[in-house]
Participant: 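Here it is, the structure in full.
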Amino acid sequence: MHARNLLDLAWLIPAFPAFGAVLLLVFGKRIGEPRAGWIGTAMIALSFVASVIAFLALRSLSPDLRSNVSQGFTWIQAGTFRVDMRFLVDPLSSTMTLFVTGVGTLIHLYAIGYMHGDSRFSRFFAYLNLFAASMLVLVLGSSFLMTFMGWEGVGLCSYLLISFWFERNSAAVAGKKAFVTNRVGDFGFMLAMFLIFQRLGTLDYSALGSTGHVPSTIASLPHSSVTAIALLLFLGAMGKSAQVPLHIWLPDAMEGPTPVSALIHAATMVTAGVFLLVRAHVFFDFAPHAGTVVAWVGAITALYAASVALVQNDIKRVLAYSTISQLGYMFLAIGVGAYSAAIFHMVTHAFFKALLFLGAGSVIHGMHDEQDMRRMGGLKKYMPITAGTFIVGWLAISGIIPFAGFWSKDEILAKAWFSHNYALWAVGAGAALITAFYMTRQVWLVFYGPERFRDDAVLVQGGGDAHEADEVHPGEVHGGAEPHESPWTMYFPLVALALLSVVGGFIDLPFTNHKINVLDRWLDLPESHQATSFGAGLILSTVALTIGVIGIVWGVSIYRRGLRRGGVDPTVERLGGFAGVLQNAWYLDIGLAHFVGGPVTSFARFLSEGVDRAGIDGAVNGIATAARGGSGGLRRLQTGLVRNYALGIALGTVLLLLYVATRVTF
Amino acid sequence: MEAVVFFVSAAAVLIGALGVISGRNPVHSALFLLLTLASVAVLYLQQHAALVAAIQIVVYASAIVVLFLFVITLLGVDKHEPRDDAHPIQRVTAIVLGVLVLVGILVLVHGNRWVTGAHSSRGVLGAPASGNVETLSKSLFTDFVWAFEMTAVLLVIAVVGSVVLARRSGHRAQVASDGDDASSESTGSESERSTA
Amino acid sequence: MSALSYPDHITATYYLILGAMLFTIGAVGLLIRKNTLVMFMCIELMLNAANLTFVSYSKALNDISGQVIVFFTLVVAAAEVAVGLAIIIAIFRRRQSVNADDVDLLKG
Amino acid sequence: MMPIVGDLTTTVSTSGKLGYPLLSFLVFLPAIGALVTILMPARRPELSRAVGYVTSVATFGMAIFLLTQFETSPLKSGYQLLEDHSWIGQLGVRWTLGVDGISLFMVALSALLFPIAILASAKVPRPKQFLVWMLLLESAMIGVFLALDTMVFFIFFELVLVPMYFLIAGWGHDNRRYAAMKFYLFTMAGSAFLFAGIVSVAFMHQHSTHVLTFDVRTLTDWAAANIHGGTAKVLFLAFAVGFAVKVPLFPFHTWLPDAHTDAPTAGSVVLAGVMLKIGAYGFLRFAIPFFPQAAVDLAPILIIMAVIGITYGAIVAAMQPNLKRIVAYSSVAHLGFVVLGIFALTSQGISGGLFTMLSHGLTTGALFLLVGMLYDRRHTYELSRFRGLWKAAPVFGGLFVAATFASIGLPGFSGFVGEFLSLLGAFLTSRWYVVVASTGVILAAVYLLWAVQRAFTGEPDDENAATPDIHFREIVTVVPLLGLSLFLGFYPKPVLDRLQPSVNALIHHVELNSNYKAPTVPTVAAPHKGESK
Amino acid sequence: MIGAVTVVPIAHAPVDWFAVAPEIALFGAAIAIVILRSVVRHDDRVNPASMLIAIAGVATSGVFTGVQWGFVHGNGPYQALSGLVAVDGFAVFVQAVILGATLLALLLSGGYLRRENLEIPEYLALMLCSATGMLLMASANDLITIFLSLEILSIALYVLAAFDRTRLSSQEAGLKYFLLGSFSSAVFLYGIALVYGATGTTNLTGIAKFLSTYVLLHNGALLVGLALLLVGLGFKVAAAPFHMWTPDVYQGAPTPVTAFMAAATKAAAFAAILRIFVGAFRLYDVDWRPAVFGLAVLSLLVGTVAALVQTDVKRMLAYSSISHAGYVLIGVQAATDKGTSAALFYVCTYAVMATGAFAIVMLVARRGDDRHELADYRGLASARPVLAGLFTLFLLAQAGVPFTGGFVAKLSVFSAAIDVGQYWLAIVGMLAAVIGAFVYLRIVLAMYAPPDDDADEAARGPRIVIDAGTGLALSLAAGAIVFLGVVPGIVLDFAHAATQLLAH
């Protein structure tokens, strides 16, 4: 029971960063440049320690008791509706806390160096801490509503952090876009909660049961409402986790400082959707159709984003689209019922994508805020550590054994195959190939080949990132200055994450021997138990590996010599006209803006001008005008001529007599 | 016989009335008014209202009409009034409405249904010959004594009012002498007569 | 109404109808004449119409009060005349006109 | 498992418990303050101000005391601290005051907002007159919520207009006369029907019982039981029109933007903070309890109007070029949530509606205060004139953004609790309307964040850069509202617990007097392992 | 002369002086003033003296009224002077209202006459005579006495309206009022004649008795007569469509006279209407109620709408008095005790509101009584805050704002209408009140408009002087308005009791 008492202290995990956030928000100015960063980092670190303790305490319990709801108080109660402020610690949430706080700590540390000299340095860490707190509430919440609270909290922080440099209009717009798009998802989430409450009478996770026994309330639910709940939850997840078509905010989110991109828009927040669906997997167990939808949306997202990533020139945008693509994999996994695989990929992805982003950040830092890959090249010798770690991340994401990415991606594809969704497998594999290719392109453009950052000859030709031009911090230095390696606060996290990206895969090796795949057992989530033969698994893994290798080789062969003359990108050249389509992200964003945004705006204008001003207000004022008119008429009757007045009296008399005529008894 | 008298005087009444409203010259109108009043008095006599008829002649025919003529001449307005009408529609509407009122009254109160009231609620009429002098004066000083008193107020108002109004507006607040006398004497004379 | 052919006996109805006619003529006169004095005369006509009606009713109802009312009406008429003519005179002094249509200072 | 439900109209305790008429004090204290202010010399404004502060703060203190005196328990659903004195015998009007869960927090909110509003308008011209009107307004407002005699309610309902009219017309902006007149006439027109309704009910009662009374409790019980069918519907509509104009519901809202835009800051705060709630309160106190069946039958109409209000208000708000108009239209949307919740006729819905009333008072009040400060600095509301204010005035910007998210209804702020509950409650009875209404949560983000983006982000030009940051007095006015909103966002229980008994009693009353049955949800005895030990 | 020889013995009916004491007291004062005026010629002390006499007369009359109330309350209502006069609560209430209005009007007049330099004694005498007529009307129980009192009050008012000979507009008002007034009273008289023929009597009680005993197969004469009566009285209360004289006459007449006309005349005329229609012809209410309904609605609409575009404040108030007539008619057409008492209360309240409002108008008009434009009220609030405040009070009361008499008055008439199931009439009334509110608020806005727009408008012209009498009148009116609004119970009970003590 000692362990439980420890677990009841789970509220401390979000409490540390929350405290840090308040502290920095209020006293940030007085605390000042370096210290604020350290305080922030310390808070999240403390929270990491707490998570570790919680993890150990949980592990000490027997598997069937590994779920503890901490003490708390009633948050909202109305009628039979009741939601408590409690924290649920179970394998899933503790896994999440571990990597959220872990990665978070590293990124905080990194940010100290990266944000050096920013005018709102302390504010930045306040936001980061607030984000960490919200994220932890999200994962630790004991009910949908608690999760939703964290959900919105991270949304808020992402808004604040994306538009952290709000002097840049593009940043402000991006922040708003992110929040609003997320709101579309939240719309689904809320409806899902309403439906769940109506059907189950509570929003508490405990009502969802646990693996093994499913509550009768859910088992007996009409198929339609289960599907509805599942799909509505998925809508929420789509918003947060940037699935097509709600992905549009994520690329723009790169307006935020790089640590933000790494922490929020790669490692943690965007995976909240995955977490939610896994948390509520029971609904998907009962709604196969919903699962199919999820899987296909995921697969399409994966392929789509990968294809777009092919031709991006902004170092961060490439990673952004790659993130979307990887998230697609996770949803594909959930769709085919491979929940633990999804979590597995989520974790590994958190490692290597954070690594890649921080690496990119380090490059940008070293290049004095240059983000266009066409102006880079051959940086390996200027920033060796960054390069080395980045390459690790590259191999991981490309699915090269034994790096983390290989295991998780391979598991997902295998699960797709064994659940007889061969089409899904094919799409996933295709996406994997493209991924390997564009990552190779990035690595070569940035770290190998000729150094292009000195000559300004490379003209920036607009494309997918048309607003590159204003994508420059205040006080950017162009060319001239030499690239340099980043301070240790920045490359230490790189190294750490690189290590994780190497070993991360081993927490869940795809062998039937349950001694080895720890995560799977630890999470103890229901699995789609198709016949998985070791042989077939091995073959699939080999195929996946070869796909990765092919992609890399192909990429290297093309980008060995960097760009063509005049800074022309060979891929773009090869794709010809189609490149434009890709650079504009299949025109989805523009299309949405044009075909949805346009009509909506004009409709809104019609409502406000046409209906409200002219229609309703007009009607009201019309009455007034009419009254005035009548008044004027009556006034004209007052001729001032006594005989007219007498006439009026006579008229009245006649009217009265006419009325009398109706009453007289003849 | 009765019928003859009635129709003759009725014709006179209507002719007089129409004359009043059609005469271009106010003096003519006044004279036509005299005709009407006189013939009405005849109709009073016809209906055994001798005293009323007498007063009609004395007060109306003499005093009032004379007063009218006096004023007309005093103001020297015995000239034709202009035919042009500020609101031409007025005349037409007026006549239409008039016709409507008349028709209305005649139709609504048609035939022999004019009289539906209870009979002789406040004193029976005397014999036709008596002209009801006694009866009238009796009820005047018994049943209607209060109404009779009330007329006093009317006359005071008439006196004071005409005094005030007839003053020349030039000098105010102190008693004027001229226009004052004219009207006050005239009203005074009536008051004597009607309170007799 | 009972036959307008030469009647042997004149009922109250005749007088009353005459009264109604007189009343209407007076009213119309007031409406169509511009000379305030004449308009005033028309009012007298109307009052007479009322009086005639009263007297006729008093005969028909065999009730004296009808005639008494006429008496009071005369007094009222007298007072009205006194005041009314005074007003007309006063106005005439300022305007040199008894035309009702000239009196339209107050309007709107 | 409906909690134990008390009776809607029974009296829990009278002022006898207290020995002095607390509620009457609450009503009269500001009025007395106003009279004292009148006596103050006009050329010594500081005296008037002092009186204003003292009175309003004292009233607030009494309101707090009222909160402490209010008894809470599932059975204490009726009116408390009752006072009852004869007033206009001939018309059967009695001076009856009482408070229950539904009115309690409206009173508290009024008492809270007035000192703040007065403090916020420390620099108005002609402060003496201003304060007189403000204090009279406070009196009337509190009276509206405490009156338990329908006619007394109506009297205050009408009386509220006058000070507000003068505040708008006397201290408003460019178009103030038009706005004030529109506001006055609009509401008065609405109350025409309300009045007809009230008097009709009273006389129907008189004709059948030969007792002429306007007492809410008597009429509630009698009308609910004895007025049926078409009559009930017509009367309900008569009430509804009066209240719908006040709320304001969709087609009747057009006075609101003008009134808000041209009202002085204090006026807007009070108008949005308390006055709009009178309408919603009226629905809960009169329209629904008097005619439960009619309310149930006609609920769809009002729900549709509410849903339209939510979406329409938000969309139109997005198009406004004027910052204050945006906030004004946001009120239309928020009050839409209130009415939606109320006519869900579920415990969650009504509680949510009431809670939204409270939190809207806080958040929108804060927004109006901030917008007002902006006006003090820049003398315009035009969005196009603002740019990069966040950089120019960081604290101000931060507070504004905070208020914005509070208004958007971010979890953690009180707005969320209210809106979530009312949507949830409405979902149980009318699902598809809620699906539409929920888009409001998206639209709210759109128009408010768009406004923030246009006014606060970007690089400020010289004019904007010169905008001074918020100073202490202003912080004192805004922070309490936001803080309270935040507190209630995390711990709404104190409020909800006091609402619940009355709300449940109301629903119970409706169920008893109509064919309506509150929807039941499966009740999982949710096992809280943490609790288990 | 005819029959002068025969001596007719006339047994004088003992005159019940007590029944008519109030009227006699008032008329006595009038006579006294006339005599004093004609005796004392060139002496200015005659002015204050006559003013004192006038007020004393009103006071005495008031005392008698009070005594009558006590008597009626104790011994119940009765009829005096062979049924020409009714001594009942109704009469007493209305007389009290009339006397109150007269007192206020007198207080206003003193300063006004001095300011405009007009003959005070004659004026006072006429006003007292007119008031006497009104008292007579209130207690009259016979169509003849009603007609006579109508003429008394009207003829006096004709003169009063034309009293200011220096202003053409005043004389014009007099002429218009005279011509139209005598026209309408001629119609009224003819109506009496027809009713007399139809019922055989002019005594209201007799009529009621007759109608309750006989069922008329042919009600033509009765109804036409009734209609004509309505025309005559509708003219006096300025109900549409017989209202057209009102704006002109109210505007032209000396302002205190306007106040007197609006307040007292309406009270008296409505007393007559109530006595005739609700009292004598109650049995025929199915016939006359729709007609009155029509008049009410028409008056409400015309009165409020026509005032919208007015810029002359005095005219605005004139129009509003038309609409107020409409409100009272709402109470009348209910034809119930509730309605009657509501109408009485309304008349009482309106008397106070109107007098107060016109008092302000009188003051603002300054010497020459011609500054009535809205522009003349600009910035009044800053120039004379108290005056502006009082005017605001009176205007808001007319708009029917709570805690003023106006609210309770409207409340009670609408209640009466709803009580008889006429919801739409009540709602129309309320909506008319909305439009009316616009008119009043326009004036208020003008007063509170900062003087900077249209700067010297307020400054121009001599400073506003408030003489003692006017000040007293204003404070009395203001007090009464608030009193009627806050504790209306007393007066309402009074009005209610009055209807109960109606002599039948």
Side-chain angles (χ1 to χ4, degrees), chain B residues 2-3 6 10 13-14 17-18 20-21 26 29 33 40 43-44 47-49 52 55 59 64 67 71-72 75 77 81 86 91 94-95 98 101-102 105-106 111-112 114-115 117 119-125 132 135-136 139-140 144 147 151 154-155 157-158 161-162 165-166 183 187 190 194, chain C residues 1-2 6-7 10-18 20-22 24-29 31-35 37-38 41-42 44-45 48 52 55-65 67-68 70-72 74-79 81-83 85-87 89-90 92-93 98-99 101:
Chain B
E2 182 192 16
F6 171 77
V13 166
L14 294 181
L18 292 170
V20 169
I21 69 170
S29 301
L33 180 62
V40 169
L43 292 173
Y44 288 165
Q47 309 193 46
H48 320 308
V52 179
I55 300 172
V59 175
I64 294 184
L67 199 56
V71 170
I72 292 168
L75 303 184
V77 290
E81 79 183 50
R91 186 176 297 272
I95 293 166
V101 170
L102 181 57
I105 296 173
L106 294 186
N112 53 0
W114 283 86
V115 186
H119 282 236
S120 52
S121 58
R122 269 212 184 104
V124 189
L125 293 179
N132 297 304
T135 342
L136 190 145
S139 75
L140 188 57
F144 292 96
T151 54
L154 267 177
L155 299 170
I157 294 170
S162 38
L165 288 168
S183 48
T187 50
E190 287 157 29
S194 43
Chain C
M1 26 187 112
S2 55
Y6 185 79
I10 298 297
T11 61
T13 313
Y14 288 78
Y15 293 95
L16 294 167
I17 292 173
L18 176 63
M21 289 172 158
L22 187 53
T24 321
I25 293 171
V28 173
L31 295 182
I32 63 175
R33 292 306 299 264
K34 287 197 283 288
N35 185 321
L37 287 162
V38 179
M41 294 179 198
C42 296
E44 298 302 333
L45 286 181
N48 268 274
L52 183 55
V55 172
S56 321
Y57 271 130
S58 108
K59 170 125 185 306
L61 298 169
N62 185 15
D63 176 34
I64 189 64
S65 44
Q67 297 190 15
V68 184
V70 175
F71 178 84
F72 292 123
L74 288 171
V75 183
V76 169
V81 168
V83 170
L85 290 178
I87 292 178
I89 290 169
F92 181 83
R93 284 191 180 140
V98 290
N99 185 338
D101 288 7

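Excluded from the calculations below are hydrogen atoms, water molecules and symmetry mates; all remaining heavy atoms, backbone and side chain alike, are included. These numbers were taken from a predicted model, which means no experiment stands behind them. Below, read A as the first sequence line, B as the second, and so on, with proteins coming before strands; counting in each chain starts at 1.
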Participant: Of the backbone (N, CA, C, O) and the side chain (C-beta and beyond), which part of Ile87(C) lies under 4.5 Å from a heavy atom of chain B, both, or neither?
Facilitator: both
Participant: Can you name the nearest heavy-atom pair linking Val28(C) to Gly98(B), along with the distance?
Facilitator: CG2-CA, 3.5 Å
Participant: What part of Ser29(B) is in contact with chain C, defined as an atom under 4.5 angstrom from a non-hydrogen atom: side chain, backbone, both or neither?
Facilitator: both
Participant: At what distance, to the nearest 0.5 angstrom, does CD1 of Ile55(B) lie from CG of Leu74(C)?
Facilitator: 6.5 Å
Participant: Find the distance between CG (Leu85(C)) and CG (Leu165(B)) and round it off to the nearest 0.5 Å.
Facilitator: 11.0 Å
Participant: For Phe6(B), is it the side chain, the backbone, both, or neither that has a heavy atom closer than 4.5 Å to a heavy atom of chain C?
Facilitator: side chain
Participant: Could you state the interatomic distance from CG (Asn62(C)) to NE2 (His48(B)), rounded to the nearest 0.5 Å?
Facilitator: 10.0 Å
Participant: For each of Val13(B), Leu43(B), Val101(B), tally heavy-atom pairs with chain C at distances under 4.5 Å, and name the one with the top tally.
Facilitator: Leu43(B)
Participant: Kindly indicate, with the supporting measurements, whether the criterion side chain to side chain contact (heavy atoms under 4.5 Å, CB included) is fulfilled by Leu136(B) and Ile64(C).
Facilitator: CA-CA 6 Å; Leu136(B) 190 145; Ile64(C) 189 64; 4.2 Å; yes
Participant: Nearest 0.5 Å, what's the OG1-CZ distance between Thr151(B) and Phe71(C)?
Facilitator: 7.0 Å
Participant: Could you check which of Leu31(C), Val98(C), Asn48(C), Leu18(C) has the highest count of heavy-atom pairs closer than 4.5 Å to chain B?
Facilitator: Asn48(C)
Participant: Is Val55(C) in contact with chain B via its backbone, its side chain, both, or neither, using a 4.5 Å heavy-atom distance?
Facilitator: both
Participant: Go through the atoms of Ala20(C) and report whether side chain, backbone, both or neither lie under 4.5 Å from a heavy atom of chain B.
Facilitator: both
Participant: Do you know the tightest heavy-atom contact between Phe72(C) and Leu140(B)?
Facilitator: CZ-CD1, 3.6 Å
Participant: Name the member of Leu16(C), Leu22(C), Ile89(C) that forms the most heavy-atom pairs with chain B at distances under 4.5 Å.
Facilitator: Leu16(C)
Participant: In terms of heavy-atom pairs under 4.5 Å, which option from Gly161(B), Ala147(B), Gly117(B), Ala10(B) contacts chain C the most?
Facilitator: Ala147(B)
Participant: CG/Leu14(B) to CD1/Ile25(C) distance, rounded to the nearest 0.5 angstrom?
Facilitator: 5.0 Å
Participant: By a 4.5 Å heavy-atom criterion (distance strictly below it), what part of Tyr15(C) contacts chain B: side chain, backbone, both, or neither?
Facilitator: both
Participant: At their closest point, which heavy atom of Gln47(B) faces which heavy atom of Ser56(C), and how far apart are they?
Facilitator: OE1-CA, 2.9 Å
Participant: Rounded to the nearest 0.5 Å, what's the gap from OG1 on Thr13(C) to CG on Leu106(B)? Could you check?
Facilitator: 11.0 Å
Participant: At a heavy-atom distance under 4.5 Å, which candidate from Leu37(C), Val76(C), Thr24(C) has the highest pair count against chain B?
Facilitator: Thr24(C)
Participant: Could you report the tightest heavy-atom contact between Val115(B) and Ala60(C), atom names first, then the distance?
Facilitator: CG2-CB, 3.9 Å
Participant: Between Leu75(B) and chain C, which part of the residue has a heavy atom less than 4.5 Å away: side chain, backbone, both or neither?
Facilitator: both
Participant: By a 4.5 Å heavy-atom criterion (distance strictly below it), what part of Val20(B) contacts chain C: side chain, backbone, both, or neither?
Facilitator: both
Participant: For chain C, find which of Val52(B), Ile72(B), Ile157(B) contributes the most heavy-atom pairs closer than 4.5 angstrom.
Facilitator: Val52(B)
Participant: By a 4.5 Å heavy-atom criterion (distance strictly below it), what part of Ile105(B) contacts chain C: side chain, backbone, both, or neither?
Facilitator: side chain
Participant: Of all the heavy-atom pairs spanning Ala82(C) and Ser162(B), show the shortest one and how long it is.
Facilitator: O-CB, 4.3 Å
